[in-house]
Amino acid sequence: MIFFGLALLNFLYIQSHLTIRASTTISFPAVIYWYEKSIIDVLILLAASVFLLISKRWSYLIAGALSGYVVAYGLFYLIRAISYFGLIELWTGIQKSETNIFLTWEVQLILAIIIFGFTVFYLIREKIFSKNVLQ
């Protein structure tokens with residue numbers, strides 16, 4: 001229930017910061033944040049937390065696949081950014097950004113890692129518990 005609450009709070013927080021741009025003229029914004037381009041990561045994490053909330057073996061597998069997808073490509077882009085810029089420059093760039101720290105993309109990666117870790121934990125716990133019951 002806690003992970004569903006975190007994912008729902010994350011979803012609502014990012015939804016509250018989306019701006020609606022309705023205009024008949026062509027505009028060229030200087031900065032478009034990641035959450036204005038794509039909300040897919042947030043929806044995937046919300047769906048993974050819902051499947052984690054169901055607490056069945058098949059739902060753990062789906063939650064693990066969804067959150068594992070976000071973790072896999074998130075780590076790919078994070079490792080690529082560290083190799084290009086270095087860890088210290090990446091950290092100072094996150095600290096110097098004018099946006100709220102909760103709107104950075106790295107927070108989505110941390111939430112995905114937490115959901116994936118607990119999904120694996122619950123799946124292993126259910127597997128061990130089911131073996132002990134059958135014997």
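The shown structure was predicted, so the numbers you read here are calculated from the model rather than taken from an experiment. Start at 1 with the first residue, then count along the sequence.
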Closest non-hydrogen atom pair, Ala112 against Ser67: O-CB, 3.9 Å

Quick check for you: to the nearest 0.5 Å, what is the distance between Leu123 atom CG and Arg125 atom CZ? 11.0 Å

Are Ile88 and Tyr77 co-members of a hydrophobic cluster defined by side-chain heavy atoms under 4.5 Å apart? no

Nearest 0.5 angstrom please: Leu43 CG to Ile14 CD1, how far? 9.5 Å

Mind checking the CZ-CG spacing from Phe51 to Leu46? Nearest 0.5 Å is all I need. 10.5 Å

Here the gap from Leu109 atom CG to Phe116 atom CZ, rounded to the nearest 0.5 Å, amounts to 12.0 Å

Can you give me the closest heavy-atom contact between Thr119 and Gly64, atom names plus distance? CG2-N, 3.4 Å

Would you mind reporting whether Val107 and Leu111 have side-chain heavy atoms less than 4.5 Å apart? no

When you group the ILVMFWY residues by side-chain heavy-atom contacts below 4.5 Å and let the links chain together, are Tyr69 and Ile79 in the same group? no

In one Ile/Leu/Val/Met/Phe/Trp/Tyr side-chain cluster, 4.5 Å: Leu9, Ile44: no

For Glu126 and Lys56, work out which heavy atoms get closest and say how close. OE1-C, 4.2 Å

Members sharing Phe85's hydrophobic cluster, built from side-chain contacts under 4.5 Å between Ile, Leu, Val, Met, Phe, Trp and Tyr, are Tyr84

Assess the residue pair Tyr60 and Val120 against the criterion (side-chain contact (heavy atoms from CB on, under 4.5 Å)); give the C-alpha distance rounded to whole Å, side-chain angles, the decisive distance to 0.1 Å, and a yes or no. CA-CA 8 Å; Tyr60 291 148; Val120 169; over 6 Å; no

Could you list the residues that satisfy ring pair (Phe, Tyr, Trp, His ring centres under 6.0 Å) with Phe118, not counting sequence neighbours? Phe3

Nearest-0.5 Å distance, OG of residue Ser49 to CG of residue Leu66: 10.0 Å

Where Asn10 and Val42 come nearest, the two heavy atoms and their spacing: ND2-CG1, 4.1 Å

Nearest heavy-atom contact between Ala48 and Ala63 is O-CB, 3.3 Å

In the structure I gave you, are the side-chain heavy atoms of Gln108 and Leu45 within less than 4.5 Å of one another anywhere? yes

Nearest heavy-atom pair of Ser55 and Ser59: which atoms, and what distance? N-OG, 3.6 Å

